[in-house]
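In what follows, a structure is listed as structure tokens, so that the remarks can point back to it.
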Number of protein chains: 2
Amino acid sequence: MLKISNQGDDMKKTDHLKNAGLKSTLPRIKVLSLFESAEQRHMSAEDIYKLLLSTGDDVGLATVYRILTQFEQAGLLVRHFFEGGKSVFELNQGKHHDHIVCLQCGQVEEFYDQAIEERQEKAATERGFSIRDHSLYIYADCNKENCPHR
Amino acid sequence: MLKISNQGDDMKKTDHLKNAGLKSTLPRIKVLSLFESAEQRHMSAEDIYKLLLSTGDDVGLATVYRILTQFEQAGLLVRHFFEGGKSVFELNQGKHHDHIVCLQCGQVEEFYDQAIEERQEKAATERGFSIRDHSLYIYADCNKENCPHR
DNA sequence: ATCGCAAATGATAATGATTATCATTTGTAT
DNA sequence: ATACAAATGATAATCATTATCATTTGCGAT
Ligand SMILES: [Mn+2]
Ligand SMILES: [Mn+2]
Ligand SMILES: [Zn+2]
Ligand SMILES: [Zn+2]
């Protein structure tokens, strides 16, 4: 039961998990660490699974799925349904925002528009609906140099 | 090879299909008819399949899926990805619009907000993106009398 | 540090939606 | 009416995700 390295860092995550009502386990700490250190904020279960494999931090695929759902329910992660059929997750930093997804390179950019939010609320209440949630995805070409198309 | 009934109606659909570059077949005419006569505009493959079964107009499930995809590519239908994992289709009436979906009864209401459209365009161009498409779904409680939840 | 045990994990089977195969049927141009 | 490419339908295969269940692990109480 050697404790190897960064106890301090894992301690912080342990507390983070405990606060969320989840017991601190190795797989959960690994997934949480990945989200905090990964270059891309938005990742699918498969992304997580493969990244963990690549660093030798093996976690079963079923466990990855379970943890993602638990983290979502605990409010640690937010789930998105981009086109393509698979769920994508990101760390919940508390601020709601919408997304622009490049159809060529998959790059995701975040934005927030107060006017859009207000008009949505208006559209719903005008029709007698009470908004629970909403999702706005803009699919586009990013036109960046490193982007495959153009 | 009896021609039974409504030749006039089927003739119109035949032309409709031909114009879309699709040859006029019985399954395609049935699916198109269903969309034009169904009470709910927004339907999944399974919905279509079961409705056709219920009227004795049997069409294989694989064929339903193929036809929906073909109709989408031909511009006859529009596909939506509401939460829940399954694609939903509606007749393409040419006018873009967004959707409010009741989380309790599944009722779908359509709306269009010019301001939202413009702000989306702005958000994208400000970041150098060229919009190809976008999807905006509002999930809410409809608060109608006939709705299960209150 | 050691126990005890509920909770978590992981290998794998199962599910649900959708697509691929391929033998048979059908629409259509001749 | 004939011929043949295209479409259909039964079914297998695929993909993402969830369910099972035997084994392992975190953690509170000794
Ligand atoms: Mn985001
Ligand atoms: Mn609609
Ligand atoms: Zn790009
Ligand atoms: Zn409702």
Side-chain angles (χ1 to χ4, degrees), chain A residues 1-4 7 10-11 13-32 42-50 52-53 56-74 76-77 79-89, chain B residues 1-4 7 10-11 13-32 42-50 52-53 56-74 76-77 79-89:
Chain A
M1 55 190 42
L2 60 165
K3 278 283 189 184
I4 305 252
Q7 299 91 343
D10 278 13
M11 242 3 229
K13 287 174 188 41
T14 291
D15 290 346
H16 198 175
L17 290 168
K18 292 277 177 64
N19 290 341
L22 297 167
K23 78 159 75 166
S24 172
T25 68
L26 237 14
R28 283 173 182 163
I29 291 173
K30 287 173 180 172
V31 171
L32 191 52
H42 308 84
M43 295 180 285
S44 68
E46 193 69 23
D47 292 337
I48 307 290
Y49 177 66
K50 286 179 178 163
L52 290 176
L53 277 190
D57 297 309
D58 296 44
V59 175
L61 180 56
T63 302
V64 170
Y65 273 103
R66 265 188 306 244
I67 291 177
L68 291 175
T69 298
Q70 293 161 344
F71 281 11
E72 181 198 10
Q73 292 169 341
L76 272 56
L77 296 180
R79 181 196 298 257
H80 298 293
F81 299 92
F82 294 155
E83 276 182 29
K86 55 178 60 172
S87 289
V88 172
F89 301 80
Chain B
M1 54 190 46
L2 60 165
K3 279 282 190 184
I4 305 250
Q7 299 90 344
D10 280 12
M11 242 4 228
K13 287 174 187 43
T14 291
D15 290 347
H16 198 175
L17 289 169
K18 292 277 177 63
N19 291 340
L22 298 167
K23 79 158 78 167
S24 172
T25 68
L26 237 14
R28 284 172 182 163
I29 291 173
K30 287 174 182 173
V31 171
L32 192 51
H42 308 85
M43 295 180 285
S44 69
E46 193 69 22
D47 291 336
I48 307 290
Y49 178 66
K50 286 179 178 163
L52 290 177
L53 277 190
D57 297 308
D58 296 44
V59 174
L61 179 56
T63 302
V64 170
Y65 272 102
R66 267 187 305 244
I67 291 178
L68 291 175
T69 299
Q70 294 161 344
F71 281 11
E72 181 197 12
Q73 291 168 340
L76 271 58
L77 295 180
R79 181 196 299 257
H80 298 294
F81 298 92
F82 295 154
E83 275 182 28
K86 52 179 61 172
S87 289
V88 172
F89 301 80

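- Rounding to whole angstrom units, CD1 of residue A/I48 and C1' of D/dT17 are separated by 15 Å.
- Atom CG of B/L17 is separated from atom P of D/dA6 by 17 Å (rounded to the nearest Å).
- Atom CD in B/Q73 sits about 14 Å away from atom C1' in C/dT18, given to the nearest Å.
- In this structure, a donor-acceptor pair under 3.5 Å is present between the side chains of B/R66 and B/T63.
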Give the intermediate values and the outcome of side-chain contact (heavy atoms from CB on, under 4.5 Å) for residues A/L68 and A/E72.
-> CA-CA 6 Å; A/L68 291 175; A/E72 181 198 10; over 6 Å; no

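- Contact annotation: B/Y65 does not reach the phosphate of C/dT19 (side-chain N/O to OP1 or OP2, under 4.0 Å).
- When the C1' atom of C/dG16 is taken as reference, atom CZ of B/F81 falls 16 Å away, rounded to whole Å.
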Where protein sits on nucleotides 20-30 of chain C, one letter per nucleotide: B base, S sugar-phosphate only, - none, heavy atoms under 4.0 Å = BB-----SS--

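- We find that NZ of B/K86 is positioned 15 Å from C1' of D/dT17, with the value rounded to whole Å.
- Atom CD1 in B/I67 sits roughly 15 Å away from atom P in C/dT18 (whole-Å rounding).
- In terms of position on DNA chain C, the residue among B/R79 and A/G21 whose nearest nucleotide sits closer to the 5' end is A/G21.
- Listed here is the closest heavy atom pair of A/K30 and A/V59: CD-CG2, 4.0 Å.
- Rounded to a whole Å, the CG atom of A/L68 is 15 Å from the P atom of C/dA8.
- Heavy-atom minimum distance, B/S87 versus B/F81: OG-CE2, 3.7 Å.
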Can you check side-chain contact (heavy atoms from CB on, under 4.5 Å) on B/K23 and B/R28, steps first, answer last?
-> CA-CA 9 Å; B/K23 79 158 78 167; B/R28 284 172 182 163; 3.7 Å; yes

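- Put simply, B/S87 has a side-chain N or O that comes within less than 4.0 Å of OP1 or OP2 on C/dT18.
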Start with the C-alpha distance between B/L76 and B/L17, add both sets of side-chain angles, then the distance that settles side-chain contact (heavy atoms from CB on, under 4.5 Å), and finish with yes or no.
-> CA-CA 9 Å; B/L76 271 58; B/L17 289 169; 4.3 Å; yes

